[in-house]
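Written below as structure tokens is the structure these notes are about.
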Amino acid sequence: MNYFSGVQALFVLVSLNVVVSGHVCGFEFCPKTKSNAINVHLVPHSHDDVGWLKTVDQYYYGSKNNIQQAGVQYILDTVVEELLKNSKRRFIQVETSFFSKWYSEQTVTIKKAVKKLVAEGRLEFAGGAWSMNDEAAVHYQSVIDHFNLGLKFLKDTFGTCARPRIGWQIDPFGHSREMASIFAQMGYSGEFFARMDYAEKNTRLSTLTMEMIWKSSVYLKNSEIFTGLLYRHYGSPPGFCFDIHCTDDPIIDGNSYDNNVNKRVDDFIAYLTTMSKSFRANHIMVPMGDDFQYEDAEVNFKNMDKLIKYVNNRQMEGSKFNVFYSTPSCYLNELHQLLQSWPNKTEDFFPYSSDTHSYWTGYFTSRPTQKRFERDGNHFLQTVKQLSTLANLTSAEHIKALSNLRQAMGVMQHHDAITGTEKQAVAHDYDRMLFKAINDANNNARDALRVLTNLTSGEFQSCLELNISVCAITQSSANNIVVTLVNPLAHTSSQYVRLPVRKENYQVTDENGREVPSELVPVPLEILALQHRSSVTQHELVFKANVNKIANFYIRILPFPRKKNDSINAQTIPKSENDSDEFTLENSLVKLVFNNRNGRLKTIEMNGVTENIHQSFAIYKGFRGNNGLAENRSSGAYVFRPDGDIELPNDETTFSIYNGNNVKEVHQHVNDWISQVVRIYEAVNRVEFEWLIGPIPTDDGVGKEIVTRFTSNLSSNGTFYTDSNGREMLERKRNQREFFKPDMTEEISGNYYPVTSQMYIQDEHKRITLLNDRSQGGTSLKDGDLELMLHRRLLNDDAFGVGEALNEEQFGTGLIARGKLFLILNAVPENPSCTERLTQQELHLPFYKFFSKANTVPSIFQHMMTDFTDFPESIELLSLEPYSTNKILLRVENFNSCGSIQSFNMHTLFKSLRGRQIWEVTLDGNLPLGHMKRFKFHPDGTGIIPSSVNYFYTPHKPMNANYTMDVSEFIVTMLPMQIRTFIIRQD
């Protein structure tokens, strides 16, 4: 294999003529097409997973090739070399994480050559995010962040010519409507992907509907985006893989007995003939590549050169095919020029099924602890970005630590990372990478808080194991501890805080020395019994905190016990003291009724509504097969395939009750590996379910998938609702799809959908909403029921590439997972409220806790805080972060889908951020909004065929103001669900 041999000499020659175009680049470098032919756009590409079977670095450097032959650095080396040989050649690059690493290692000469390729459209970036993100398990905030990261690198390195025009989501296992909306809001003109339910794809192939106009939002203007499905996955046509890792014959055109030009051309034209019958236009796009191809790009391009030459020679014999190198954006540009109409799409592409027995709905839940860790990473990232902005951290060390955390979170969005569909060794490496990035960035948080408070030597430690009641700084003693709470949201929030402590008499005071009511609650016995739990703390100190942006609370141990009538410790009510058939947990807002025999929930009363709601845990047995045929498909990392009916664990749940002043809990022990705490807080209008599952037993030779089910009497009429990446809600109809009749042979898994933040059912009078703390699979298999899958442990691979079973172990035994669900019971008024969405924001970004040793409570320097007082309640802060030298990025969102248009003035905030100038940019933050111009396509059924091409521009006048202008120039108006992004230049 010849990795860039002699390429230095080639670059020296090329660099003599490197002139990067000074004008704004566009489609002028796209290949010329023929109106009287079927134009075939060959798109050379390599799909480079940012971790899957090998770690990120192993893929980049090409190590561990006994696992998979793949070395991204060599791909980029040889692709650039081959592109420079022939100006007609093209290549698209997707994963900016790999490209940025490669580019940083290149010489000045090579960098100049690459800039020339980019400026001339020969090397095109598609997608452009840090990785090719998943679309089921990701949260929209993290998706936007990693596009910001990738596109900013491209802009800073290559200018506007590098900005992608299309999304290239060829490998995610289903596609969300919110992802399409994000592309539209970034100014992309279209997106292409390869995976679609096989029954839907068959229907679309036969009805000329492979390409469509997707209306990606029911709220936002101009949300339509062109969407295309690739004809045959994302690989080269059968028999035409010219990569060194393939076994297909090359094109032999010499004076040889083995000359195969005619045969190869005949086969390719036959393929194109069949393919073209499934598309409306006289343009078709043929990808040429696959996973980690082009390690020796000369082989690929040399054969494609010949293929293009000899297929086009057939035009002299009457062939209608015109073949050339192209890119997805050039292809889309040609479709835009045709002025024809296209079919409509309004919902999403979940769930994805690849055959009769393979619904890819297991990965919605796979690796639940990693899914939660990713959410923790985002929580910390948002906190550190805001603190870095407020404290104006600008040192190289701080910038690097924040960049590393951004990059780690960008990797975690990859469609084999957050999905849990990677090998176990790779999962460990993802965890290692994110853990290190969080730890390193904690120095940023510490240094920022030392600036923003008068605790100039505070430790400001994070505790990453609070979910099992462990914190190093409180383990020996919680006396003289300062808890610093950072609120990532724009509005002042009141939340309960829990800290692991020993059993002592504590006093909590705020910054003004006022005592804050607190109480002790025992840690569940199942948590104390965890073998790997090192802490001796057996209680949690609970108090309610009210925080604007930053607040400090001081904890000390009293030298004497409180009087009994002043005690605020929780009181245990033993089960034996209550002989009735039921018992009640009640506060001012919520009333829970439990069965006194088995300790399970019976009834919930809140918001003036009462409903019989029973909660239970249940077990699906994972199907085990040899995967040889579809009917033998195993349940695995990707696929959820239950074997037989659902099973319920032992009905006799043991329980204990803790009835405090502000928190009331029922600790339920279901069996040796399932337990739960049901909890309500005073003045908090929801019910919390904190579950603990594992180690899931497999000594019976059966893998298991654990769900929780909420059963009610609501007449939900086969309908339920799930969120799209934490944003808009989509209606789901049991056993139905928007466009086609699905194959429901696997009826259970075929009704599972991704639940990123919430799901609900309702009838004419009541609504039950479940909110979760990580991505999970969810469904409603019966009217009145809601079901979420919490944990999975399986013994067979499902044969979709990972090559190992999803059998997670930790500390020598099966993985134990802990998490939270939240339930809200509400009436369904004529004008629905959005209580659930407001709650979702608080649950997604609660207070972040930092801990220090101190003898007094420190003060906050209020003059350094940002001022969000002019924000209406439904306007939330999505991002506040350093952007570049003397510039910060501000992103705000009107998250209320039920309200009206909101207007407010940002001048006060602008001044508090020391702003000199502010201008509006696209969603990703890297293109002035006034420069946005994307293709507008026309839907079927309107009867309107335009006479010239149309475009979408910004739907409102972009803000552009400076400190000398009148306050009225800073008014912002936002539609429901609208996000607006700004760059602020500081003094």
Side-chain angles (χ1 to χ4, degrees), residues 141-142 144-146 148-149 152 377-407 409 437-438 440-453 460 462 484-493 547-551 845 847-848 850 860-871 875-893 906-921 924-926 959 963 970 972 979-987:
Q141 185 173 49
S142 295
I144 295 169
D145 275 354
H146 97 125
N148 180 320
L149 179 64
K152 187 174 188 300
N378 177 70
H379 186 196
F380 190 62
L381 175 61
Q382 304 308 322
T383 302
V384 172
K385 289 194 300 185
Q386 292 187 28
L387 291 175
S388 299
T389 302
L390 297 178
N392 194 28
L393 299 184
T394 58
S395 73
E397 182 181 1
H398 290 137
I399 293 171
K400 181 179 180 182
L402 180 55
S403 178
N404 288 343
L405 181 55
R406 284 168 164 156
Q407 292 176 19
M409 284 299 297
I438 290 173
D440 291 348
N442 198 84
N443 293 334
N444 291 36
R446 178 201 63 202
D447 294 347
L449 289 168
R450 287 176 175 177
V451 171
L452 299 169
T453 73
F460 297 107
S462 293
T484 302
L485 303 177
V486 178
N487 177 15
L489 303 178
H491 300 283
T492 299
S493 178
V547 181
N548 180 4
K549 180 52 65 177
I550 303 174
L845 292 177
F847 300 156
Y848 204 94
F850 297 94
I860 307 297
F861 296 137
Q862 293 298 333
H863 69 280
M864 301 185 72
M865 298 297 103
T866 47
D867 191 342
F868 296 101
T869 53
D870 292 331
F871 277 28
I875 303 300
E876 195 47 83
L877 177 64
L878 193 56
S879 295
L880 178 64
E881 60 187 276
Y883 182 74
S884 60
T885 304
N886 295 329
K887 294 185 182 73
I888 61 175
L889 183 146
L890 171 70
R891 187 177 289 116
V892 294
E893 172 185 17
M906 287 205 346
H907 188 260
T908 302
L909 174 62
F910 176 75
K911 286 179 60 179
S912 71
L913 290 169
R914 310 185 312 280
R916 304 291 286 178
Q917 184 181 5
I918 181 171
W919 63 93
E920 193 163 359
V921 290
D924 60 279
N926 296 292
M959 175 179 282
Y963 72 102
F970 292 83
V972 175
I979 300 173
R980 295 181 67 175
T981 308
F982 307 90
I983 301 296
I984 297 175
R985 181 176 63 82
Q986 298 175 302
D987 52 20

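Note that these values count all heavy atoms, side chains included, but never hydrogens, waters or copies made by symmetry.
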Could you tell me whether the side chain of F861 reaches within less than 4.5 Å of the side chain of L452, counting heavy atoms only? no
Could you measure the distance from the CD1 atom of I984 to the OH atom of Y883? Nearest 0.5 Å is fine. 13.5 Å
Atom pair CD1/CD1 of I918 and I888 - distance to nearest 0.5 Å: 8.5 Å
I'd like to check the ring pair (Phe, Tyr, Trp, His ring centres under 6.0 Å) partners of F871; sequence neighbours left out, ordered by chain and number. F868, F904
Roughly how far, to the nearest 0.5 Å, is the CZ atom of R406 from the OG atom of S142? 13.0 Å
Quick one: side-chain hydrogen bond (donor to acceptor under 3.5 Å, both in side chains) partners of T484, sequence neighbours excluded? N552
Can you tell me how far apart CG (L913) and CD (Q986) are? Round to the nearest 0.5 Å. 6.5 Å
Looking only at heavy atoms, what is the nearest atom pair of V972 and F982, with distance? CG2-CZ, 4.2 Å
Please tell me if the side chains of L909 and D867 come closer than 4.5 Å, counting only heavy atoms from C-beta onward. no
Side-chain heavy atoms of N444 within contact of L405, under 4.5 Å: no
T981 side chain near I144 side chain, heavy-atom distance below 4.5 Å: no
Counting distance only, does the side-chain N/O of S403 pair as donor-acceptor with the main-chain N or O of K400 below 3.5 Å? no
I'd like to know if the side chain of Q917 and the backbone of R985 have a donor-acceptor N/O pair within less than 3.5 Å. no
Point-to-point distance, once rounded to the nearest 0.5 Å, from CD of Q382 to CG of L845: 6.0 Å
In terms of ring plane angle, is the pair H907 and F970 parallel, tilted or perpendicular, where the classes change at 30° and 60°? perpendicular
Test item: N148 and N926 side chains (from C-beta on) under 4.5 Å apart, heavy atoms: yes
Shortest non-hydrogen contact from F847 to S493? CZ-O, 3.2 Å
Just to verify, what does S395 make a side-chain hydrogen bond (donor to acceptor under 3.5 Å, both in side chains) with, not counting sequence neighbours? H398
With side chains defined as the heavy atoms from C-beta onward, is the minimum distance between R446 and F850 less than 4.5 Å? no
Is any side-chain heavy atom of L402 closer than 4.5 Å to a side-chain heavy atom of P882? yes
What pair of heavy atoms forms the shortest contact from P488 to V486, and how long is it? CD-O, 3.3 Å
Shortest non-hydrogen contact from A490 toward E876: N-OE2, 2.5 Å
Y963 OH: over 12 foreign heavy atoms closer than 6.0 Å: no
Test log, rule side-chain contact (heavy atoms from CB on, under 4.5 Å), inputs L393 and I399: CA-CA 8 Å; L393 299 184; I399 293 171; over 6 Å; no
Here the gap from M865 atom CE to I550 atom CD1, rounded to the nearest 0.5 Å, amounts to 4.0 Å
Is the CD atom of Q862 crowded by more than 12 outside heavy atoms at less than 6.0 Å? yes
Check against side-chain contact (heavy atoms from CB on, under 4.5 Å), N886 and R916: CA-CA 10 Å; N886 295 329; R916 304 291 286 178; over 6 Å; no
What is the minimum heavy-atom distance between I983 and G925, and which atoms define it? CD1-O, 3.9 Å
All side-chain hydrogen bond (donor to acceptor under 3.5 Å, both in side chains) counterparts of D440, not counting sequence neighbours: K436
List the atom of F460, the atom of L449, and the distance in Å for their closest heavy-atom pair. CD2-CD1, 3.5 Å
Just grab all the salt bridge (Lys or Arg N to Asp or Glu O under 4.0 Å) pairs involving residues 377-392, residues at least two apart or on different chains. D145-K385, K385-E881
Evaluate the side-chain contact (heavy atoms from CB on, under 4.5 Å) criterion for residues V451 and N392: first the C-alpha distance (whole Å), next the side-chain angles of each, then the deciding distance (0.1 Å), finally the verdict. CA-CA 9 Å; V451 171; N392 194 28; over 6 Å; no
When you compare the side chains of T908 and D870, does any donor N or O come within less than 3.5 Å of an acceptor on the partner? yes
Is the shortest side-chain heavy-atom distance between N487 and T492 below 4.5 Å? no
H379: what forms a ring pair (Phe, Tyr, Trp, His ring centres under 6.0 Å) with it, not counting sequence neighbours? Y848
